[in-house]
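Quick note on labels: first sequence line is chain A, next is B, and so on, each numbered from 1. Computed from heavy atoms alone, side chains included, the values below leave out hydrogens, waters and symmetry copies.
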Amino acid sequence: MSLRFRNTLGGALEEFQPLDPANVRMYSCGPTVYAPAHIGNFRSFVFADLVRRYLAWKGYRVTWVMNITDVDDKIIRDAAAEGIAIGTLTSRYTDGFLDDMTRLRITRPDAMPRATEHIPEMATLIATLLERGHAYRTDDGSIFFRIASWPAYGTLARLDPTTQRVGERVETDEYDKDDVRDFALWKGPRDGEPSWSTPIGDGRPGWHIECSAMSMRYLGPSFDIHTGGIDLVFPHHEDEIAQSEAATGEPFVRTWLHCDHLRLGGEKMAKRTGRLLRPAEAYAQGWSPRALRYALLAAHYRAPLEFTEDSLVAATSAVERLSTVLAALDQYESDRLDDPGVAQALEAAHDAFEDALDDDLSIAPALAAVFDLVRDLNRRIGDRSLSSDDARRAAEELRDIDQVLAVMSPDDGPAREVSGLVMTLLEERVAARAARDWARSDALRDDLAALGILVEDTRDGQRWRVQEGHDGTA
RNA sequence: GGCGACGUACCCAAGUGGUUAAGGGGACGGUCUGCAAAACCGUUAUUCUCGGGUUCGAAUCCCGACGUCGCCUCCA
């Protein structure tokens, strides 16, 4: 089967066909760096990473761009409150964001453009909109997009602009718009606010224009996939489409993908309500980054996901189950001949995994296929019915699948060589067990545990794996 | 008020017309083991929010009720 996505634009399940088969172009709305991102934000970034990884796994070359919004009202407000330049504030939170991405195993995008570094591109785009009559200036030097000039406005969000509820929370009179629904492309200069001098005048960009300008800069006027949280559908992405297509006259994005909210206590996780959890806080409570990743990944992206401690308990057990079977396979040895049933099981699991994800990234059946395989492999390990090559191939298959999931290897340097001390202790313990010296054996097990090495005894002898959170280099 | 999503076991979550309702977690029982851990086996939904209807047959389709959440305003 082929890859299909549920396109927010139109709502249909559509077969994915890249505009350029040799290069899938994808853009994700990134963070506004005025505070550490919370795990609700990261749900959308982990989701985008899943799209990116799955496309690559399917054999596509992907160019992935994620913006960093480093100038906006909240950034200006918070920097002023601290008495620092906005760049000082935003570089602080940008660094933190990049660290969080790394720990959550989110692939580094090919480009992460900053808004403040693309002011000229935005000014050019706005100039075009002015020329074409889709934008107008106000007395204070601001420039607005004229929604009345763009009949398709509202298509993405399925909103009828004429019936929008306006008036309840009309923006303050700070900017003098022709129509309350018009949105700011450019904000005129003000005292105490950062300002750039451009051909369209002094001031600073509005929010939506940066994504249009930067996506076009790196991906061209038309590209394949645009991702974001469901709350960006309106007005952000609606505005992006309007201003982009009005400027270029070409279709902006082919497939829009939006993930639903992460919830806490039954409600959307959000900074404004204070109802949130940040990655660092989860780690401080003892949860591992990969368990957090798994918890964010394990539900379908278009379904709301309630985040609870139970979900982290489940995620922790699930990822440990995966790394345990991998460790067992890696250490498995047998003189047996290959069992053709193993190759069949691997192929069946691979196909089921792919079929599930092909269907609009249906992660739950994909994971079910993985865990069905894990149970089968554990059974075979217990029966010693595998050959050494069977075990090696099984581990290879799991690691291949993990190119998409990125949850199987323990955090903190799983692939690293363990120290000579650990190897010596492991050997000593084998000798102690051979001599049935249980006291010595148990003492060595404790010593190894203190070094982050979990030792288990099986019918086939001693088996070990690295404990979560230890790097095994002690 | 408009638009949208949703209600499946103790928890999370697949399944969208037809043999025994995936998978993960938790709990309990068992096997293995010097002990421990891991693993494996078994038990945990005759039933899918409720009430009607269509059908030979529905968790799956239709109507209604109740309940939850989101967007319409900054927001992943």
Side-chain angles (χ1 to χ4, degrees), chain A residues 8 11 28-32 37-48 69 72-74 154 157-166 168-171 180-181 183 207 227-236 238 258-263 266-273 294-296 298-300 302-322 324-325 327-328 352 356 362-372 374-383 433 436-439 441-442 445-446 449 454-459 463-465:
Chain A
T8 305
S28 298
C29 280
T32 300
H38 57 71
I39 62 176
N41 298 319
F42 277 108
R43 184 190 187 192
S44 77
F45 303 132
V46 166
F47 157 64
T69 299
D72 93 320
D73 293 352
K74 295 193 188 81
R158 290 178 225 185
L159 283 174
D160 179 351
T162 62
T163 62
Q164 265 186 264
R165 265 195 174 186
V166 292
E168 289 195 3
R169 279 200 50 178
V170 178
E171 283 182 38
V180 285
R181 298 163 312 173
F183 58 90
W207 174 36
T227 75
I230 193 171
D231 49 9
L232 295 186
V233 172
F234 192 91
H236 185 54
E238 194 70 59
H258 293 96
C259 77
D260 210 312
H261 291 308
L262 189 68
R263 293 186 193 169
E267 288 177 15
K268 170 185 174 181
M269 187 174 286
K271 277 178 201 139
R272 65 172 301 196
T273 58
Y294 185 95
L296 296 176
H300 188 85
R302 279 188 293 100
L305 175 59
E306 178 71 26
F307 188 81
T308 63
E309 182 162 320
D310 280 355
S311 65
L312 282 172
V313 170
T316 299
S317 297
V319 297
E320 281 180 0
R321 182 168 166 78
L322 294 170
T324 298
V325 73
S362 296
I363 191 81
L367 290 171
V370 173
F371 284 108
D372 282 341
V374 168
R375 166 166 292 117
D376 185 40
L377 291 171
N378 276 326
R379 227 184 260 136
R380 292 172 189 274
I381 291 167
D383 294 346
R433 294 185 62 72
R436 302 187 68 80
D437 184 349
W438 306 129
S441 166
D442 291 350
R445 182 166 64 199
D446 292 343
L454 297 179
V455 182
E456 297 162 0
D457 299 305
T458 73
R459 263 175 293 185
R463 195 161 74 197
W464 60 272
R465 57 201 164 94

How far does the [atom1] atom of [N] sit from the matching atom of [M], given to the nearest Å?
{"N": "rA21(B)", "M": "rU16(B)", "atom1": "P", "value": "15 Å"}
{"N": "rG15(B)", "M": "rA9(B)", "atom1": "P", "value": "16 Å"}
{"N": "rC66(B)", "M": "rU43(B)", "atom1": "P", "value": "41 Å"}
{"N": "rC28(B)", "M": "rC62(B)", "atom1": "C1'", "value": "43 Å"}
{"N": "rU8(B)", "M": "rA13(B)", "atom1": "C1'", "value": "9 Å"}
{"N": "rA59(B)", "M": "rC74(B)", "atom1": "C1'", "value": "40 Å"}
{"N": "rC41(B)", "M": "rC48(B)", "atom1": "C1'", "value": "28 Å"}
{"N": "rG2(B)", "M": "rG17(B)", "atom1": "P", "value": "31 Å"}

So what does [X] touch, heavy atoms closer than 4.0 Å: a base, only the sugar-phosphate, or nothing?
{"X": "Ala318(A)", "value": "sugar-phosphate"}
{"X": "Gly228(A)", "value": "sugar-phosphate"}
{"X": "Ser441(A)", "value": "base"}
{"X": "Ser311(A)", "value": "nothing"}
{"X": "His300(A)", "value": "sugar-phosphate"}
{"X": "Leu454(A)", "value": "nothing"}
{"X": "Gly266(A)", "value": "sugar-phosphate"}
{"X": "Asp372(A)", "value": "sugar-phosphate"}
{"X": "Asn378(A)", "value": "sugar-phosphate"}
{"X": "Lys271(A)", "value": "sugar-phosphate"}

Nucleotide of [options] approaching [X] most closely (side-chain heavy atoms):
{"X": "Phe234(A)", "options": "rC71(B), rA76(B), rA38(B)", "answer": "rC71(B)"}
{"X": "Ser317(A)", "options": "rG25(B), rA38(B), rG2(B)", "answer": "rG25(B)"}
{"X": "Leu262(A)", "options": "rG24(B), rA76(B), rA13(B)", "answer": "rA76(B)"}
{"X": "Arg272(A)", "options": "rA22(B), rC74(B), rC71(B)", "answer": "rC74(B)"}
{"X": "Asp442(A)", "options": "rC72(B), rC35(B), rA76(B)", "answer": "rC35(B)"}
{"X": "Pro365(A)", "options": "rA14(B), rG25(B), rA38(B)", "answer": "rA14(B)"}
{"X": "Val313(A)", "options": "rG25(B), rC72(B), rA14(B)", "answer": "rG25(B)"}
{"X": "Cys29(A)", "options": "rG25(B), rA76(B), rG70(B)", "answer": "rA76(B)"}
{"X": "Phe371(A)", "options": "rG24(B), rA76(B), rG2(B)", "answer": "rG24(B)"}

Once you round it to whole Å, what is the distance between [atom2] of [N] and [atom1] of [X]?
{"X": "Leu377(A)", "N": "rA38(B)", "atom1": "CG", "atom2": "C1'", "answer": "15 Å"}
{"X": "Asp310(A)", "N": "rC12(B)", "atom1": "CG", "atom2": "C1'", "answer": "8 Å"}
{"X": "His261(A)", "N": "rC74(B)", "atom1": "NE2", "atom2": "P", "answer": "14 Å"}
{"X": "Lys268(A)", "N": "rU68(B)", "atom1": "NZ", "atom2": "C1'", "answer": "16 Å"}
{"X": "His236(A)", "N": "rC72(B)", "atom1": "NE2", "atom2": "P", "answer": "14 Å"}
{"X": "Leu305(A)", "N": "rC6(B)", "atom1": "CG", "atom2": "P", "answer": "15 Å"}
{"X": "Arg263(A)", "N": "rA5(B)", "atom1": "CZ", "atom2": "P", "answer": "14 Å"}
{"X": "Arg433(A)", "N": "rA36(B)", "atom1": "CZ", "atom2": "P", "answer": "13 Å"}

*Starting from the 5' end of RNA chain B, give me the residue, Arg436(A) or Glu306(A), whose nearest nucleotide shows up first.*
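Nearest-nucleotide comparison on RNA chain B picks Glu306(A).
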
*Pick the nucleotide of RNA chain B nearest each of Ala157(A) and Val374(A); which residue has the one closer to the 5' end?*
Ala157(A)

*For side-chain contact (heavy atoms from CB on, under 4.5 Å), just list the numbers for Val370(A) and Leu322(A), CA-CA rounded to whole Å, side-chain angles, deciding distance to a tenth of an Å, and then say yes or no.*
CA-CA 9 Å; Val370(A) 173; Leu322(A) 294 170; 3.8 Å; yes

Paired with [N] by Watson-Crick or G-U wobble geometry, both distances under 3.5 Å: which nucleotide is it?
{"N": "rC66(B)", "result": "rG7(B)"}
{"N": "rC71(B)", "result": "rG2(B)"}
{"N": "rG26(B)", "result": "rU44(B)"}
{"N": "rG34(B)", "result": "none"}
{"N": "rG18(B)", "result": "rC56(B)"}

*Stepwise salt bridge (charged side-chain N to carboxylate O under 4.0 Å, His left out) check, Arg380(A) with Asp383(A)*: CA-CA 5 Å; Arg380(A) 292 172 189 274; Asp383(A) 294 346; over 6 Å; no

Does [X] place a side-chain N or O at less than 4.0 Å from the phosphate oxygens OP1/OP2 of [N]?
{"X": "Arg302(A)", "N": "rG4(B)", "answer": "no"}
{"X": "Arg375(A)", "N": "rG24(B)", "answer": "yes"}
{"X": "Arg445(A)", "N": "rC35(B)", "answer": "no"}

Does [X] use its side chain to pair, donor to acceptor, with the backbone of [Y] at less than 3.5 Å?
{"X": "Glu306(A)", "Y": "Gly266(A)", "value": "yes"}
{"X": "Ser441(A)", "Y": "Asp437(A)", "value": "no"}
{"X": "Thr324(A)", "Y": "Glu320(A)", "value": "yes"}
{"X": "Ser44(A)", "Y": "Asn41(A)", "value": "yes"}

*Presence of donor-acceptor pair under 3.5 Å, side chain of Asp457(A) and base of rC35(B)*: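 Yes.
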
*With a 4.5 Å heavy-atom cut-off, do Ser28(A) and Phe47(A) have their side chains touching?*
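Ser28(A) vs Phe47(A): side chains apart.
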
*Side-chain heavy-atom pair Thr273(A), Glu267(A) within 4.5 angstrom cut-off*: no

*Would you mind telling me which of Lys268(A), Arg43(A), Arg272(A) makes a salt bridge (Lys or Arg N to Asp or Glu O under 4.0 Å) with Asp231(A)?*
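It is Lys268(A), the one option of Lys268(A), Arg43(A), Arg272(A) that forms the salt bridge (Lys or Arg N to Asp or Glu O under 4.0 Å) with Asp231(A).
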
